[in-house]
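Below: one structure, written as structure tokens.
The shown structure was predicted, so the numbers you read here are calculated from the model rather than taken from an experiment. Each chain gets a letter, A, B and so on, in the order its sequence line appears, and its residues count up from 1.
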There are 2 protein chains.
Amino acid sequence: MAADLTQLCPRFEKAIGLLSKRWTTLIIYRLLDGPRRFVDIETSLSNLSGKVLSERLKELEEAGVVLRTVYPEKPVRIEYSLTEMGRDLAPLMDDIQGWATRWIKIEQEQV
Amino acid sequence: MAADLTQLCPRFEKAIGLLSKRWTTLIIYRLLDGPRRFVDIETSLSNLSGKVLSERLKELEEAGVVLRTVYPEKPVRIEYSLTEMGRDLAPLMDDIQGWATRWIKIEQEQV
DNA sequence: GTGCGTAAATTACTTTATGTAACCGAGTAT
DNA sequence: ATACTCGGTTACATAAAGTAATTTACGCAC
């Protein structure tokens, strides 16, 4: 009967809980290119609303993946960047990119 | 002004759309150990409801990641397994596991 | 055959998450 | 003063997920 009592590694579960929320991976992917401002992220990911972006950035900051830096210039500038923990996700992103390239088919627009 | 017009690779985006849905990764992770029946997956992932499992398995089958096999035995047996495309996600899972092990802290139960 | 149980779902209903759009406060430009 | 940008927040509407009961098709005990 013992179906499958293999416990999931709690760290793995927690990582998945963080990373697999909607938009999270795409936000991180954007930040791999370098620090970005709120609006830049918002406008570069279509359908991502400021509301959710704000939530995600808070979660990621809380988790230690993203760093929020305030530059006290004339009009204050706020930049979001990846911490070391965040940059360490780069190989993972490459894996997804590789897998996608190998397996994902895109339906062609009519030629 | 040109904020960041870098387009996301559509394959990458599609892959993320598939993989980052709630439960999807955990279901695939479970199937990496070998074929499983519906109830086994359901009971091994707490809080995953039959409803959503059913949806996810259909999506994954549709995407070519999961194979649904019907064994016409006395009480019919249905097994879900990974296709080659699905098994090719193993390195990604390993990377997530590695990253989680390196960075994710678990709050300790009181000793 | 009646009642009971299991596997694999599906349906109806509730709760949570996300999307949309308007609004705010600080700063700057006209 | 007016309008515009940035970095948000708020209020409301829709979509997705959770909960629980029901369904269909079996087998099993009686």
Side-chain angles (χ1 to χ4, degrees), chain A residues 1-5 8 13-14 16-28 30-31 34-63 66-82, chain B residues 1-5 8 13-14 16-31 34-63 66-81:
Chain A
M1 279 314 183
D4 148 60
L5 305 173
L8 281 175
E13 224 174 335
K14 207 173 165 189
I16 291 293
L18 177 71
L19 299 175
S20 76
K21 293 192 87 164
R22 203 165 194 175
W23 297 112
T24 301
T25 320
L26 294 177
I27 293 168
I28 294 171
R30 284 273 93 149
L31 292 178
R36 286 203 197 296
R37 306 180 66 165
F38 192 91
V39 249
D40 294 337
I41 303 173
E42 191 179 10
T43 56
S44 76
L45 296 175
S46 56
N47 297 327
L48 168 59
S49 63
K51 179 194 162 198
V52 175
L53 177 55
S54 168
E55 285 172 14
R56 289 296 174 275
L57 287 171
K58 264 180 216 158
E59 291 165 7
L60 290 170
E61 199 189 347
E62 166 84 32
V66 159
L67 182 70
R68 181 181 188 270
T69 311
V70 179
Y71 294 94
E73 301 170 352
K74 1 226 182 163
V76 73
R77 183 166 53 99
I78 297 173
E79 277 195 349
Y80 293 91
S81 57
L82 294 179
Chain B
M1 278 313 182
D4 148 59
L5 306 172
L8 282 175
E13 223 174 336
K14 207 174 166 190
I16 290 292
L18 178 71
L19 298 176
S20 77
K21 293 192 87 165
R22 203 165 194 176
W23 297 112
T24 301
T25 321
L26 294 177
I27 293 168
I28 293 171
Y29 186 80
R30 285 273 91 148
L31 291 179
R36 287 205 196 297
R37 306 181 65 167
F38 192 92
V39 248
D40 294 337
I41 303 172
E42 191 179 10
T43 57
S44 76
L45 296 174
S46 56
N47 296 328
L48 168 59
S49 64
K51 180 195 162 197
V52 175
L53 177 54
S54 169
E55 284 173 13
R56 289 297 172 275
L57 287 172
K58 262 181 216 157
E59 290 166 8
L60 290 171
E61 199 190 346
E62 166 85 30
V66 158
L67 181 70
R68 181 180 189 271
T69 311
V70 180
Y71 295 94
E73 303 171 352
K74 358 221 180 167
V76 74
R77 185 166 51 99
I78 297 173
E79 277 195 348
Y80 294 91
S81 56

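- Across D:dA17, C:dG19, D:dG8, the shortest atom-to-atom separation from the side chain of A:Phe38 is found for D:dG8.
- Rounding to whole angstrom units, CD of residue B:Glu55 and P of C:dA9 are separated by 13 Å.
- A sub-4.0 Å separation between OP1 or OP2 of C:dA17 and a side-chain N or O of A:Trp23 is absent.
- For the OP1/OP2 pair of D:dG7 and a distance below 4.0 Å, the side-chain nitrogens and oxygens of A:Arg37 include at least one atom meeting the criterion.
- Ion pairing of B:Glu55 with B:Lys58 is absent here, as no side-chain N (NZ or NE/NH1/NH2) approaches a carboxylate O to less than 4.0 Å.
- The nearest heavy atom of DNA chain D to B:Val52 and to A:Lys58 marks one nucleotide each, and the one closer to the 5' end goes with A:Lys58.
- Of the possible polar contacts, none joining the A:Ser20 side chain to the A:Gly17 backbone as a donor-acceptor pair under 3.5 Å is found.
- Distance CG (A:Leu57) to P (D:dT9): 10 Å, rounded to an integer number of Å.
- The distance between atom NZ of B:Lys21 and atom P of D:dA16, rounded to the nearest whole Å, is 7 Å.
- In this structure, B:Ser54 and B:Phe38 have side chains that are in contact, with non-hydrogen atoms separated by less than 4.5 Å.
- When the side-chain nitrogen and oxygen atoms of A:Ser54 are compared with OP1 and OP2 of D:dG7, none of them lie within a distance under 4.0 Å.
- Side-chain contact check for A:Arg30 versus B:Leu8: some heavy-atom pair is nearer than 4.5 Å.
- B:Leu53 has its CG atom 14 Å from the P atom of D:dT19, to the nearest Å.
- Here the P atom of nucleotide C:dT10 and the CD atom of B:Glu42 are 12 Å apart, to the nearest Å.
- Looking at which nucleotide of DNA chain C each of B:Tyr80 and A:Glu73 is closest to, the 5′-most match is held by B:Tyr80.
- If you take CG of B:Leu48 and P of D:dA20, they are 15 Å apart, rounded to a whole angstrom.
- Comparing C:dA8, D:dG18, D:dG8 against the side chain of B:Ser49 picks out D:dG18 as the nearest.
- When rounded to the nearest whole Å, the span between CD of A:Glu59 and C1' of C:dT16 equals 14 Å.
- Contact check, B:Arg68 against C:dA9: a side-chain N or O comes under 4.0 Å of OP1 or OP2.
- Checking D:dA16, C:dA8, C:dT28 against the side-chain heavy atoms of A:Arg22 singles out D:dA16 as nearest.
- B:Arg77 comes within 4.0 angstrom of nothing in the nucleic acid, heavy atoms only.
- With hydrogens and angles ignored, a donor-acceptor pair closer than 3.5 Å exists between the side chain of B:Lys51 and the base of D:dA17.
- Remark: A:Glu73 CD is packed, more than 12 non-hydrogen atoms of other residues, nucleotides or ligands lying under 6.0 Å away.
- Distance CD1 (B:Ile78) to C1' (C:dT6): 13 Å, rounded to an integer number of Å.
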